Protein chains: 2
Amino acid sequence: MDRIKPRTLSGFMELLPQRQVQFERMVEALRKTYSLYGFTPLDTPAIEASEVLLAKGGGETEKQIYRFTKGDTDLSLRFDLTVPLAKYVALHHNELTFPFRRFQIGKVYRGERAQRGRFREFYQADIDVIGDGALDIANEAEVPAIIYNTFTALGLRRFKIRVNNRKVLNGLFDALGLRAQSGDVMRTIDKLEKIGAEKVRAILTEDFAVPADTADKLLALLATKDPMSALEHYRGQNALLDQGIEELSTVVGYMSAFGVPADHFMVDLTIARGLDYYTGTVYETVMLDHPEIGSICSGGRYDNLAEYYTDKQLPGVGISIGLTRLFFVLEDQGYLNDALLTAPADVLILPMTQDLSPAISLATTLREAGVRTQLYTEQKKFKAKMNYADKLGIPYVIFLGEDEVSAGVCAVKDMGSGEQVKADPDQAVALIQAGIRQRSTGTPIQDKVSEHMRGQP
Amino acid sequence: MDRIKPRTLSGFMELLPQRQVQFERMVEALRKTYSLYGFTPLDTPAIEASEVLLAKGGGETEKQIYRFTKGDTDLSLRFDLTVPLAKYVALHHNELTFPFRRFQIGKVYRGERAQRGRFREFYQADIDVIGDGALDIANEAEVPAIIYNTFTALGLRRFKIRVNNRKVLNGLFDALGLRAQSGDVMRTIDKLEKIGAEKVRAILTEDFAVPADTADKLLALLATKDPMSALEHYRGQNALLDQGIEELSTVVGYMSAFGVPADHFMVDLTIARGLDYYTGTVYETVMLDHPEIGSICSGGRYDNLAEYYTDKQLPGVGISIGLTRLFFVLEDQGYLNDALLTAPADVLILPMTQDLSPAISLATTLREAGVRTQLYTEQKKFKAKMNYADKLGIPYVIFLGEDEVSAGVCAVKDMGSGEQVKADPDQAVALIQAGIRQRSTGTPIQDKVSEHMRGQP
């Protein structure tokens, strides 16, 4: 037979079982956190009509889209979860209750150039709150708390949420007489961290006709350690700026009530998050030890979710985590908590009798008690059977021979300690459950907090 | 602005929030049951190289495939989870431990003709046990137990698992001298339920040259109430048949040890499940009250999972549930348990003070205790706020005014009973958790057992 060489496409993540369990544990932590904040799960098709998905049109994204025809229908794979949400909300508007709070964790597709750590199929984990006509600023204040609790639940410690407000930026540009070149100015200051203040100043003054003293003023404001105080000096100059300062103050003001520690949160006036979608608060989240990977959770407030589909005004606020890329980085950098159980079963039963019925009955009892049980029935040498449990990291093995069967007990071996005890089924359940609880305590990520606290000033 | 009419493609399921929660509850029940049997979760890309995915080639399936090019790569969306599994096992053979037990619940794509209850994007929920070179018959005996426990966990009661063995069928055809027309005979007897014994007999004798007495013998065997006893008469006629009878006896023999009640299980010699893939035990599962929808869980034993990719012999046994179609039928026929909570939150907090801090703190306390809490912060009339909780089915509402804040309590209203009590945060947690537990008891499906027991003889 002519055989085809099996392969997985480059840019498509396919995990081995242990890693898959770790990935799903992260997904589960996200689901749980999002649910605690009253978000309902949503699932939409991965394929949409191209006309619908590309309603907004243009841009870099369109080139990356997986687009094709089936019959005479022009189809595209979704490239994010926001456009399908906009369609969903516009389509089902009359059947939804607003504010509509949904989370969605699903695969999206972008035909990017393949490179290490970049994926063409990847999971996004999004939450959004959509208002019908209006949405209170308090929702924007709650989002950093959700980000904080999400990453804390995952086990990440050394991260910081950066917050800004687009009204502040736009108001500031107006106040400084930079409205005409606001887009260029925004793109330039976005490079501050990368190229430094000197170069940014040069570009602003030379390329975009920003007066030198205005550039200095702007750079001074962006460099300040206490942007909220600095912004106070700009109050009263224009309405948009005042509103932005007010909103930013509200968001900052509620942080401690929401339980976000001061050292996990900062106002950063350089953050813009693109030019045309966001209209209020914007968010970025950076890993303190890996700033090079950029923001791991971003989003913001927008005024019009679904303008391409409906004349209804649907303001909202949302954030997105690029989960596949994050998982890749965490694995690559050794952040995954390998101490947590990843075995497919809690216990492996090795029947030592010809008739499997006693072993099957014991397996049934264990499963009914919630113990994940595998019955090993292959015809192999004893050593191969033990090796199987060992390779999979199954923490307990049960031997069931004639003697045990007639005594109504089984022999339970703890694969970690090597200890072996005789136990009746109830005792076996209790013993295994206690051991599993111990091996299940901890977060999916293990941050290197102590290392850093030792190594850094 | 020119607007695009929002729409979801026909043949693609997109659920409203309440239904989505019910769907996910079913997925969760499947995940839990599969995990109890020692299956590890797996996820593979939805897109594969066409050359890999279509290695087997031909057939009805190929016409239905979503196939397209991106750059110069020929790509296809997966149409089942078995081919990607075969690729995965062949590709990662050296990194896996055998028997390899995995479950996968994911979307697959088939461009079928759109019709009610048929989907182009649908979830399959598969389990497979793959051996390396060999796989013990005990695995085939365990599968009906997994099917039984899966549907029982979902809450389905009136279903029956039908089991057959391909070696029995093929051996029987050999014994009856029907080897040459075995494919035609198999396809014909597969229609027994639909067209009846008379017509089957006519087709067999007239179209496929089956001698009349052979046809009678075969039909008598297929019609018997006790096929295992009837098969005993055929023992010793050929090796394949003997082996098949042995295997089928083993599978049947272990059923009660595995906890499958006799009335949920039967041997049905008419089941074949396709012509060329399965080689041993085969399974079908039917809803007793909806035989018209066909099998809701099917599968069987195969000898060669990945022959298109590797020369390694990888026998296995697996089953698949077409989850999207099943959910459609269950919803359509009123099987979903609407008594279970589908609200996005357990409690809605209505802050009655200007400063939101006390409400935020209370929300944080509730969430830390695991209570799914939404803070309602929109500027609306009181009635609109209550209406919001009501429409979403949120079971509790908390009012927090100046008086409550200064007394360190809150007012908790049970939306079901209308009862309202003052409670401190700990009491509120306990009260709400008790109510939620009560509203969470039950299975995703509510079978109409009692109705049928009343209505039928």
Side-chain angles (χ1 to χ4, degrees), chain A residues 1 3-4 6-9 12 14 16-17 20 24 35-36 38-47 49 51-52 55 66 68 70 87 90-92 95 97 99 101 107 111 121 136 138-139 254 257-259 307-309 344-345 356-357 360-361 364 367 372-374 377-379 388 391-392, chain B residues 1 3-4 6-9 12 14 16-17 20 24 35-36 38-47 49 51-52 55 66 68 70 87 90-92 95 97 99 101 107 111 121 136 138-139 254 257-259 307-309 344-345 356-357 360-361 364 367 372-374 377-379 388 391-392:
Chain A
M1 176 183 284
R3 295 215 162 77
I4 302 289
R7 65 190 168 99
T8 299
L9 291 163
F12 288 70
E14 185 172 77
L16 286 170
Q20 185 64 36
E24 302 207 356
S35 296
L36 281 176
F39 290 85
T40 196
L42 201 67
D43 187 22
T44 61
I47 308 179
E51 166 194 59
V52 171
Y66 289 91
F68 52 95
K70 178 81 184 166
K87 180 217 72 178
L91 181 60
H92 303 291
E95 299 152 291
T97 307
R101 298 163 73 93
K107 288 177 171 179
E121 175 187 71
D136 196 85
N139 293 286
Y254 281 128
F258 270 119
E307 60 180 325
Y308 300 99
Y309 307 124
L356 292 178
S357 300
I360 293 172
S361 296
T364 304
R367 286 165 183 155
R372 300 179 309 144
T373 305
Q374 182 185 341
T377 52
E378 304 313 302
Q379 311 296 323
Y388 181 81
K391 274 168 93 174
L392 287 174
Chain B
M1 177 185 284
R3 295 216 163 74
I4 302 289
R7 65 190 168 97
T8 298
L9 292 163
F12 288 71
E14 184 171 78
L16 286 170
Q20 184 64 37
E24 302 207 356
S35 297
L36 281 175
F39 291 85
T40 195
L42 201 67
D43 187 23
T44 61
I47 308 179
E51 165 195 60
V52 172
Y66 288 91
F68 52 93
K70 178 80 183 167
K87 180 216 73 177
L91 180 60
H92 303 291
E95 300 153 292
T97 307
R101 298 163 74 92
K107 288 177 171 179
E121 175 188 70
D136 195 85
N139 294 286
Y254 282 128
F258 271 120
E307 59 180 327
Y308 300 99
Y309 308 123
L356 292 178
S357 301
I360 293 172
S361 296
T364 303
R367 286 166 183 154
R372 301 179 308 143
T373 305
Q374 182 186 343
T377 52
E378 304 311 302
Q379 310 295 323
Y388 181 82
K391 276 167 90 173
L392 287 174

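The structure presented is a predicted model; accordingly, all values stated were derived computationally and were not measured. Here is the naming used below: chain letters follow the sequence lines, and residue numbers restart at 1 for every chain.
Counting heavy-atom pairs closer than 4.5 Å to chain A, the top-ranked of the candidates B/Thr377, B/Leu9, B/Leu16, B/Ile4 is B/Ile4. Ranked by non-hydrogen atom pairs under 4.5 Å with chain A, the options B/His92, B/Arg101, B/Glu95, B/Lys391 are led by B/Arg101. When each of B/Pro45, B/Pro17, B/Ala138, B/Gly38 is scored by its heavy-atom pairs under 4.5 Å with chain A, the top score falls to B/Pro45. Between chain B and the options A/Ala345, A/Ala55, A/Ala49, A/Ala90, heavy-atom pairs under 4.5 Å are most frequent for A/Ala49. Contact count against chain A (heavy-atom pairs under 4.5 Å) is highest for B/Arg367 among B/Gln374, B/Arg367, B/Glu14, B/Lys107. Contact tally against chain B (heavy-atom pairs below 4.5 Å) for A/Pro344, A/Ser357, A/Ser35: the top residue is A/Pro344. Each of B/Leu356, B/Val52, B/Leu392 has some count of heavy-atom pairs under 4.5 Å with chain A, and the biggest count is that of B/Leu356. Ranked by heavy-atom pairs under 4.5 Å with chain B, the first of A/Ile47, A/Thr44, A/Thr8 is A/Ile47.
Once rounded to the nearest 0.5 Å, the distance linking OH of B/Tyr308 with CZ of A/Arg3 reads 10.5 Å.
Every residue meeting the side-chain hydrogen bond (donor to acceptor under 3.5 Å, both in side chains) condition with A/Glu24, not counting sequence neighbours, appears here in chain and number order: A/Gln20, B/Arg31. Under the side-chain hydrogen bond (donor to acceptor under 3.5 Å, both in side chains) criterion, B/Asp136 pairs with A/Gln379, not counting sequence neighbours.
Residues A/Tyr254 and B/Ile360 share a closest heavy-atom pair of CD2-CD1, 3.4 Å.
Proximity to chain A (any heavy atom under 4.5 Å) is restricted, for B/Glu121, to the side chain, taken from C-beta onward. Residue B/Lys87 touches chain A through both its backbone and its side chain, counting heavy-atom pairs closer than 4.5 Å. With a 4.5 Å cut-off on non-hydrogen atoms, B/Phe258 touches chain A through its backbone and its side chain both. Heavy-atom distances place the side chain of B/Thr364, and not its backbone, under 4.5 Å from chain A. Heavy atoms closer than 4.5 Å to chain B are found in both the backbone and the side chain of A/Tyr66.
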